[in-house]
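Worksheet for the structure shown next.
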Amino acid sequence: MFQKILIANRGEIAARVISTARRLGIATVAVCSEADRGALHATLADEAVVIGAAAVSESYLRADAIIDAALLTGAQAIHPGYGFLSENAGFVEAVEAAGLVFIGPPAAAIRAMGLKDAAKAAMEKAGVPVVPGYHGAAQDLATLAEAAERIGYPVLIKARAGGGGKGMRLVEKRDDFAEALAGAQREAQASFGDPAVLVEKFITSPRHVEMQVFADAHGHVVHLFERDCSLQRRHQKVIEEAPAPGMTEEVRAAMGRAAVEAARAIGYRGAGTIEFIADGSRGLRTDGFWFMEMNTRLQVEHPVSEAITGLDFVELQLRVAAGEPLPVVQEDLRIEGHAFEARLYAEDVGKGFLPATGRLSHLAFPEHVAFQNGTVRIDSGVRQGDEISPWYDPMIAKVIVHGSDRQTALSRLAHTLDTVRVAGAVTNLAFLSRLARHPGFAAGGVDTGLIGRDIADLSRQTTPSEETVIVAALALDGLIGQRDVGKSEARLRGFRLWRNCPFQTRLLHGEDIVDVAVEIDGNQISNSTGVVFALRTKDNHIMIENGSISRRLDIALWDNAVTVFDGGNATTYRRFDALARASSGEASEDCIVAPMPGQVIFLAAEAGRRVKAGEVLVIIEAMKMEHTLRAPRDAVIAEVAVRHRQQVSDGNRLILFESLEDR
């Protein structure tokens, strides 16, 4: 076994690898960018080496700097994590040329599966079923459009390199194909340096079911059962589970055989995942699944498979890379219970899941284990006070639960999500909580279109209760939430003589102004209609007593704001500042505003030009994903306040319009 390894990654996965290495007595080296000097993974490792600037192209994608760091610190092997260089065959060769061990598959296996067109050809040769489509070399619009017509709409345009939903577009009719192709090719070029795409038949009731495989250098290959990753939005996984609902032993055996044969066909070694698309319209069937791609690395969602097998996949990776045989054979593997993983992101669900930034002013998780199997496991690469920057993936944590059966595990997931507390950045927490309680999901009726069909309900904004608003107002005025250390119970602060204390204030909830007017008598809160509720406070926990019913609210005070947590809902309020609001000015509705931080990669606007409603004027790239901004109505461009390739911030005005009548 190795004495020291370097982790060529950051965030949650780097911390995950460090956790297992520490348990095995292996020293670790972290690499970090200038922006990540104080990041969690850099502080957890035994050593950390700064390898470049914040941009990934100047740090985490610099193979030379990473290898130099390993040689400098005496590391014997490099674990790539996932993302960045984890599926880069050239990096593997460079690592081995430097006399180091790559903790992953051989370069040849990565190349065999690195391009989706070549991978599908190899799988067809190995007898693995593949989705009908065009996997040819020609990339011109005419050829690809003709292929789409031949395949039949709807079709899916997919980047032949990479994964994670980048460079992917669903096209439902002929008229949308050209624009979708251009967008997919731009995104593929930006994400993978390869604009080539393939076109495939889109399965109308698709389920994403993947098989975890492991192989060693001694010819042993096993599968560790399946995961269902069908709950997706914009081709990004949201909640994963193992085993797959509705899976039969017959289908599992057939899918497992196909996965093992796929790994054998390319001489695989280490951890890998064979992804299948399954037709869910008539349940899972032996003739109803097809190979999509292989991820030649550890998957983000690997903890759910660890939970049902009881194994540590990072430990298996390390042992296989060190030349040891797999410690398990297929006949010994068993599924124990059920597991779910929910990905907690800093993203604005109401704005189409746009990545969000901000400081994690408050971050608290329920009782859990980290990076190892348990009833509740939370893997995170950030801490309270850390900044979610535009440079990297905005994942905050993975919430993993395990139960004796699917219903128990799903109930545990919903409850756990309700007790996670995040303030300072917009998150998808309420969305995840609703999704965990979705009746169709609970019944096991999952497919990749579920979120899209019910997005209005899943992303709806909950109206805060009167108690929530009043608690926020009292907290912002310092009357509660000041951490009454040593007191079993705190009364509302504020002096009054012979009468109830009137309390009035004005808050901001987003852009909405909220007026609060109550009277305080001890712990009794009254409004114009009488007693509303009583408050019992301790630290930042508030018990609301309304008649015989009581419930708990939690608060987090931060940066002149307060976030009130009510179950799975988090509502943030700020002090209303009339002078600041007046001086800042309101954004005109006659303009395009940047919805998130990012870089302008497409600009089709010049002052004086007439535009039609819906015309594409700006495309912003953030987190390697494109976000298209269109003209809101027929108008004339009055001013263009941005340049091509300019970095913009959330809320920046980009284009201003004037009415056609004003010309």
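This structure is a prediction, so every number in the text was calculated from the model and none was measured.
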Out of curiosity, Leu450 CG to Ser205 OG, how far, rounded to the nearest 0.5 Å?
11.5 Å
Min side-chain heavy-atom separation Arg160-His135 under 4.5 Å:
no
Assess the pair Phe214 and Phe313: is the distance between their ring centroids shorter than 6.0 Å?
yes
May I ask you to check whether Asp454 and His438 show a side-chain donor-acceptor distance below 3.5 Å?
yes
OG of Ser86 to CD1 of Ile78: how many Å apart, nearest 0.5 Å?
13.0 Å
Any salt bridge (Lys or Arg N to Asp or Glu O under 4.0 Å) pairs touching residues 401-414, not counting sequence neighbours?
Glu241-Arg406
Checking salt bridge (Lys or Arg N to Asp or Glu O under 4.0 Å) for the pair Lys4/Glu47: CA distance, chi angles, key distance, verdict?
CA-CA 10 Å; Lys4 182 186 285 190; Glu47 300 172 77; 2.6 Å; yes
Pair Gln372, Asp312: side-chain N/O donor-acceptor within cut-off below 3.5 Å:
no
Ignoring hydrogens and angles, state whether a donor on the side chain of Thr273 or Arg227 is under 3.5 Å from an acceptor on the partner side chain.
yes
Side-chain heavy-atom pair Arg207, Leu284 within 4.5 angstrom cut-off
yes
Among side-chain atoms of Arg252 and His223, is any donor-acceptor pair under 3.5 angstrom?
no
For Gln407, look at atom CD and say whether over 12 heavy atoms of other residues, nucleotides or ligands are found less than 6.0 Å away.
no
Would you check if Val401 and Thr375 make a side-chain contact, meaning some heavy-atom pair closer than 4.5 Å?
no
Say whether Gln317 and Arg319, considering side chains only, have a donor N or O and an acceptor N or O under 3.5 Å apart.
no
With Phe84 as partner, the option from Tyr60, Tyr392, Phe91 fulfilling ring pair (Phe, Tyr, Trp, His ring centres under 6.0 Å) is Tyr60
Gln232 versus His208, side-chain donor and acceptor atoms under 3.5 Å
yes
If you apply the rule salt bridge (Lys or Arg N to Asp or Glu O under 4.0 Å), what do you find for Glu240 with Arg343, and how did you get there?
CA-CA 9 Å; Glu240 302 98 343; Arg343 303 187 187 191; 2.6 Å; yes
Do the side chains of Glu301 and Ile239 get nearer than 4.5 Å, heavy atoms only?
no
With a 4.5 Å heavy-atom cut-off, do Pro105 and Tyr268 have their side chains touching?
yes
Are Phe340 and Phe441 close enough that their ring centers fall under 6.0 Å?
yes
Between Glu226 and Glu210, is the side chain to side chain contact (heavy atoms under 4.5 Å, CB included) condition met? List the steps.
CA-CA 5 Å; Glu226 79 282 354; Glu210 58 189 34; over 6 Å; no
Taking atom types as modelled, is there a side-chain donor on Ser380 or Glu12 under 3.5 Å from an acceptor on the other?
no
Glu347 versus Pro394: any side-chain heavy-atom pair under 4.5 Å?
no
Any side-chain heavy-atom pair of Arg269 and His218 under 4.5 Å
no
Would you check if there is a donor-acceptor pair between the side chains of Arg437 and Ser433 at a distance under 3.5 Å?
yes
